[in-house]
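Protein chains get the first letters and strands the later ones, always in sequence-line order, with residue 1 at the start of each.
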There are 2 protein chains.
Amino acid sequence: MHSGQKQELASLTGRLRRESRKITGPRAAILEILRHHPHPLTNKEIFAELPKGGGDLATIYRAMQLLEKLGMVKRFDFGDGTARFELVGEGDDGHHHHLICTRCAGVVEIAECFPEEIERRIARTNGYAGVTHRLEFFGICPDCQQ
Amino acid sequence: MHSGQKQELASLTGRLRRESRKITGPRAAILEILRHHPHPLTNKEIFAELPKGGGDLATIYRAMQLLEKLGMVKRFDFGDGTARFELVGEGDDGHHHHLICTRCAGVVEIAECFPEEIERRIARTNGYAGVTHRLEFFGICPDCQQ
DNA sequence: GCATCAATTGCAAATCATTCGCAACTGAAT
DNA sequence: ATTCAGTTGCGAATGATTTGCAATTGATGC
Ligand SMILES: [Mn+2]
Ligand SMILES: [Mn+2]
Ligand SMILES: [Zn+2]
Ligand SMILES: [Zn+2]
């Protein structure tokens with residue numbers, strides 16, 4: 001999550017229960033992993049963190065699809081052809097951005113967002129409704145600058 | 001291109017020649033197609049516009065890779081897992097953004113950019129060098145709003 | 001606890017975009 | 001016309017993601 005404090009596992013499983021979804025071993029393990037990671041994770045990374053025999057990669061793909069549909073995780077696209085997911089706080093929509101090192105792939109959470117008034121102007125000028133944006137920053141992190 | 005006026009084919013082929021690259025049938029056809037399209041095209045779309053027998057899909061992939069390396073096209077990512085390419089004017093770096101309709105996939109070229117001073121602050125705050133951004137807007141176009 | 005059943009999983013096969021190997025081909029320069 | 005590095009076509013790999021399906025398992029109610 002972006003906001004800082006980790007979510008209670010109970011709050012997470014509660015959200016699943018409310019949708020008459022089962023709290024299965026793989027799902028609990030996935031949520032536990034996400035809860036402990038501050039930056040977006042790929043499905044493969046989640047898979048690697050899973051205890052051996054803790055689940056199949058396809059199960060993770062299906063779990064992330066479900067969690068995204070329920071608004072419990074947010075999908076991010078760093079432009080490398082691999083989806084990444086981050087836990088979203090209850091009530092939050094998870095919208096935020098990242099600064100990614102193009103050398104080491106290090107990630108920094110960014111609080112800034114695209115200015116609302118400019119986005120509103122873009123929407124109005126073109127007659128578009130429900131406008132949002134996808135935005136990520138790229139650069140070289142301090143360590144990689146030598 | 002974003003700036004408006006179409007590029008001369010001669011200017012494009014000249015850039016290839018300077019790099020001791022051949023002006024082949026497929027490449028000329030691809031450049032011609034890109035020259036006549038104001039918005040980013042997928043390789044498959046370019047392929048479809050090619051005269052029958054005018055080239056192989058793999059050739060287009062290779063051509064776009066080359067053109068991108070030479071800075072003649074800019075790659076865009078609309079988040080649907082398919083790369084899109086747009087011709088870049090000489091001397092231009094092609095950096096700009098789009099507003100995409102999530103219903104009909106219609107595209108509008110956007111002149112606005114993420115405010116420089118905020119980006120500089122983000123870079124400085126985190127000690128990152130050479131920071132840029134990838135930004136696209138999404139919404140529902142006038143037609144798709146019913 | 002135990003039966004019941006829809007939801008879920010594991011595994012393999014299928015999809016899709018993109019890349020690659022390689023022999024045949026062709027611009028461009030001589 | 002000759003020559004050869006750069007290109008192409010085609011099919012086979014790759015890598016991420018999805019899907020079919022039979023076997024498994026939470027959650028609910030006895
Ligand atoms: Mn984040
Ligand atoms: Mn454009
Ligand atoms: Zn934002
Ligand atoms: Zn910009």
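Residue K69(A) contributes atom NZ, which lies 9 Å from atom P of dT8(C) at whole-angstrom precision. Regarding R84(A), its CZ atom lies at a distance of 12 Å from the C1' atom of dA16(D), rounded to whole Å. If you measure from atom CG of L67(B) to atom P of dT7(D), you get 11 Å, rounded to the nearest angstrom. Taking atom CD of residue E45(B) and atom P of nucleotide dC16(C), one finds them 16 Å apart after rounding to whole Å. Look at OH on Y61(B): it is 12 Å from P on dC16(C), rounded to the nearest Å. For the pair Q65(B) CD and dC20(C) P, the interatomic distance rounds to 7 Å; values are reported in whole Å. The nearest whole Å value for the distance from the CG atom in D77(B) to the C1' atom in dA16(D) is 14 Å. For N43(B) and dC16(C), the CG to C1' distance is 13 Å, given to the nearest whole Å.
Ring-plane geometry between H98(B) and H96(B) is classed as perpendicular, the angle between the planes exceeding 60 degrees on a 0 to 90 degree scale with a lower cut at 30. Ring planes of F114(B) and F114(A): tilted class, angle from 30 to 60°. In this pair, F78(A) and F76(A) present their aromatic rings tilted. The plane angle is within the 30 to 60° band.
In terms of position along DNA chain C, the nucleotide closest to A83(B) lies nearer the 5' end than the nucleotide closest to the other residue of the pair A83(B) and I23(B). Both L57(B) and G54(A) lie near DNA chain C, and the one whose nearest nucleotide falls closer to the 5' end is G54(A). Nearest-nucleotide positions on DNA chain D for D56(A) and D80(A) put D80(A) closer to the 5' end.
With dT7(D), dA17(C), dG10(C) as the choices, the nucleotide that has an atom nearest any side-chain atom of T82(B) turns out to be dA17(C). Among the nucleotides dA16(D), dT17(D), dT9(C), the one closest to any side-chain atom of K44(A) is dA16(D). Comparing dC20(C), dT18(D), dT18(C) by their nearest atom to the side chain of A58(B) picks out dC20(C).
R27(A) comes within contact range of the sugar-phosphate backbone alone, with a heavy-atom separation under 4.0 Å but no base atom that close. Across all strands, G25(B) comes closer than 4.0 Å to no nucleic acid atom at all (heavy-atom distances). Counting non-hydrogen atoms under 4.0 angstrom, A63(A) reaches nothing in the nucleic acid.
Taking side-chain N and O atoms only, R17(B) has a distance below 4.0 Å to OP1 or OP2 of dA28(C). Distances shorter than 4.0 Å separate none of the side-chain N or O atoms of T24(A) from OP1 or OP2 on dT25(D).
Scanning atom types as modelled, one donor and one acceptor separated by under 3.5 angstrom connect the side chain of R62(A) and the base of dG10(C). For K22(B) and dA5(D), a side-chain-to-base donor-acceptor distance below 3.5 Å is present, hydrogens and geometry of angles not being considered.
Put simply, NE2 on H97(B) and CZ on R134(B) are 10.5 Å apart, with the number rounded to the nearest 0.5 Å.
Under 3.5 Å, the side chains of H39(A) and E109(A) contain a donor-acceptor pair of N or O atoms.
Ring centroid separation for the pair H37(B) and F85(B) does not come in under the 6.0 Å cut-off.
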